[in-house]
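Let me begin by presenting the structure, written as structure tokens, before commenting on it.
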Amino acid sequence: MLKKIFSFVLLWPMVSFAQNIIPQPVNLSVGQGFFLIDGNTALKFDVGNKEMKDVVELFSASIGAISGIPLAAEGKSKTISFNLIKNETLGKEGYELNVSPSAIAINANSSAGIFYATQSLLQTLPAVRTNAPLQIPCMILTDYPRFSWRGMHLDVSRHFFSPELIKEYIDLMAMYKMNIFHWHLVDDQGWRIEIKKYPKLTEVGAWRVDQTNINWRERKTAKEGEIPSYGGFYTQDQIKEIVAYAQQRNITIVPEIEMPGHSAAAIASYPELSCSQKPQLPLTGGDYTNASANFCAGNDESFAFLQDVLSEVIALFPSAYVHIGGDEVEKGPWKKCERCQARIKSENLKNEEELQSYFIRRIEKFLIGKNRKMIGWDEILEGGLAPDATVMSWRGEAGGIEAAKMNHDVVMTPGVPCYFDHYQGDPATEPFAIGGFNTLKRVYDYEPVPKELNDDQAKYVLGAQANLWTEFVTTAEHVEYMVLPRMLALAEVIWSPKSTRDWTGFNYRIQSHFRSFEQKGLHYSKGNFKVDIKPVLKNAKLQASLFTEAFNGEIFYTIDGSAPTPSSKKYSSNINIDSSLTIKAVAVVDGKVMTTKAAEQSFVIHKAFARDVVYLNQPSKYYQADGPNSLTDGVRGTTSFGKYWHAFNGQDMVATIDLGEKKKIHQISIGCLQSYHDWIFMPQRVKFEVSNDGKKFREIETVNNSMSVDTKNQTIKDFASSFKARKVKFVRITVTNLGVCPKGHSGEGKPAWLFADEIIVR
Ligand code: ACM
Ligand code: ZN
């Protein structure tokens, strides 16, 4: 008899692995007993069906890899049968599984559904070879996806990744039933696909001067004579093999050939295609000085070139969709170009936005002629959307909403939470990332259909996708780390019914996947195990509240500077902050410290604590910290500068504090931050003044900065003045901004940021 399991809470952790399937199946009833895969197990399928044969062979090879058991085709007492049926509910990718002790029946409308059934079965088995018996729990399962576009993107231009890594990425996607691999093959910093007609694309465009040891944003334009040695590309033979590999795993590869912008690598190869037609070297990183990144829209050669390239691309990729980029086109060069301006005239276009639209429409017409559909980033809406275009919404959801309302298909991939190049945990404990913050939970909470769309419009949402840009991701291990475990959350969002979404249940299930990652040696982020330390300021009383997303996580902490362990004090409720101290905290699951690095937060209690601060120039609206009195809230800033700092862009900070009554003080200080790559610099100097009436101020001291503007490591430094104790009522601090970013900096001459976290009066 089969028993429906309604609650994980009652049965976990005794429940079988069937309950741990990610993405959560539509309908799963787990029964008693197991089907044991052993030497007596045969596989039954239509050997004349090539696609089916491929799927069964993959399954058989996976079983062989974890057990060494060879599965026979017939003559055994127990069978696993693979059956093509007709069942409308299941659709193209759905499947049914019926597992009893004597047989497993897999039913689906297509080999895609059969493949997904095998992926669900494999998730119930050990991840690597062990001596454990291969027991598949008895169950009845019906499953099919909510969305048809379940995408993962990978940028191989900013860093080239080997064909082996691409296959590994495809394997990971397939395991979690993702079905579109958006392969970002070209961009400004590298062209990665062999095009027979234009060999220089890979002879020149695939190689750049190696500046990997320099922060992406600080890299300089390569100089004549430097050897371009860093890069790589995929030959057409390699691409064919990868396409076939993906196809066997129900993954369609959507190739992206960027145009009309983000094309500096192509232009380095064929400079005659830009507006300036000047020679250039491939970009080394984020410096675009003197580089052309656009194709000239007034030159018919640009279109002839792109059509030739696309013809070869189409021959390699069977995908219905071709992605043509279209994002972030800097229109300046078109404004200055005679040919582009002539095109605007001859085509009766209003401006450069319409010129971009002309460009994209012309390419779409070509693709439609080749029986393909065009997809592009949401900028293709500007200047008018091409007639049949599909829009990939990345700058938030607005582009997707607009396009769906115009009855165009859309794929949702908004920066929050779909950009997997953003941090997934506390930046202090994570590998350096481009910025932003998309945690596992944020991804899990994502709803791909924006609430602005009605039911009819919602049908245009094909699905969602995560993007991994690789400016700061250079190794295969790091690629794994950025997608694991967030891809599992997204997979569930886009496969499983909205009604079954359950964060707690997901957390139960993901535990066994973490164990699999560890067994397979896959790198994954434990950012989910971070501890958040949040100040709570109420009625001039300061407390700290600690929190972790980690499932079954307990928090242990110290306040004496020592490293927290499971024997430290266990957190139960808000901690009172009555004196200056630093809290260090870790998340512990089953007695094991899970946090990579302890969370740390310093607090200071001092004579200006909780007093009002009056500013001459208001702090930037982007850095409000926790309100107007953040400089006296007792909370110190950390190098994760999004929190607890007030910031001033190009301006000085002049802050006055009324201590409420005359107080005897002997020291005033202010904490400042330098974060060179973020345009944040130490001030030039800090002037400390005191007063008794708030009108006439007397200078105590001006402290000059002693740190070099070129110091690249993030540094927090207190500027302090100590003096003979005196009684004062007012304190004024004037902090002189560096003004502009220094010579040689990527923001040279542009306003510098000044960051301050706390004015401490002792
Ligand atoms: C993009 O992130 N520029 C599509
Ligand atoms: Zn031009």
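Remember, it's 1-based here, ligands and their atoms both numbered in the order they're listed. Every heavy atom of this structure was used, including side-chain atoms; hydrogens, water molecules and symmetry mates were not.
Remark: R249 qualifies as a cation-pi partner of Y245 under the 6.0 Å distance and 45° angle criteria applied to the six-membered ring. Within the cation-pi definition used here (under 6.0 Å to the ring centroid, within 45° of the axis), R486 qualifies as a partner of F420. The side-chain tip of K441 points at the ring of W503 from less than 6.0 angstrom away and within 45° of straight on. Cation-pi geometry between K196 and Y198 is not met at under 6.0 angstrom from the ring centre and within 45 degrees of the axis.
Taking only nitrogen or oxygen atoms, main chain and side chain alike, E328 reaches within less than 3.5 Å of ligand 1.
At the shortest separation from atom 2 (O) of ligand 1 among protein heavy atoms lies Y419 OH, 2.6 Å. For atom 3 (N) of ligand 1, the closest heavy atom belonging to the protein is D327 OD2, 2.6 Å.
Residue W469 has at least one heavy-atom neighbour below 4.0 Å for each of these atoms of ligand 1: 1 (C), 2 (O), 4 (C).
Taking the six-membered ring where the residue is Trp, W216 and H159 present tilted rings, their angle falling between 30° and 60°.
One finds an angle of 110° at the Zn ion (ligand 2) between SG on C337 and SG on C340, to the nearest 10 degrees.
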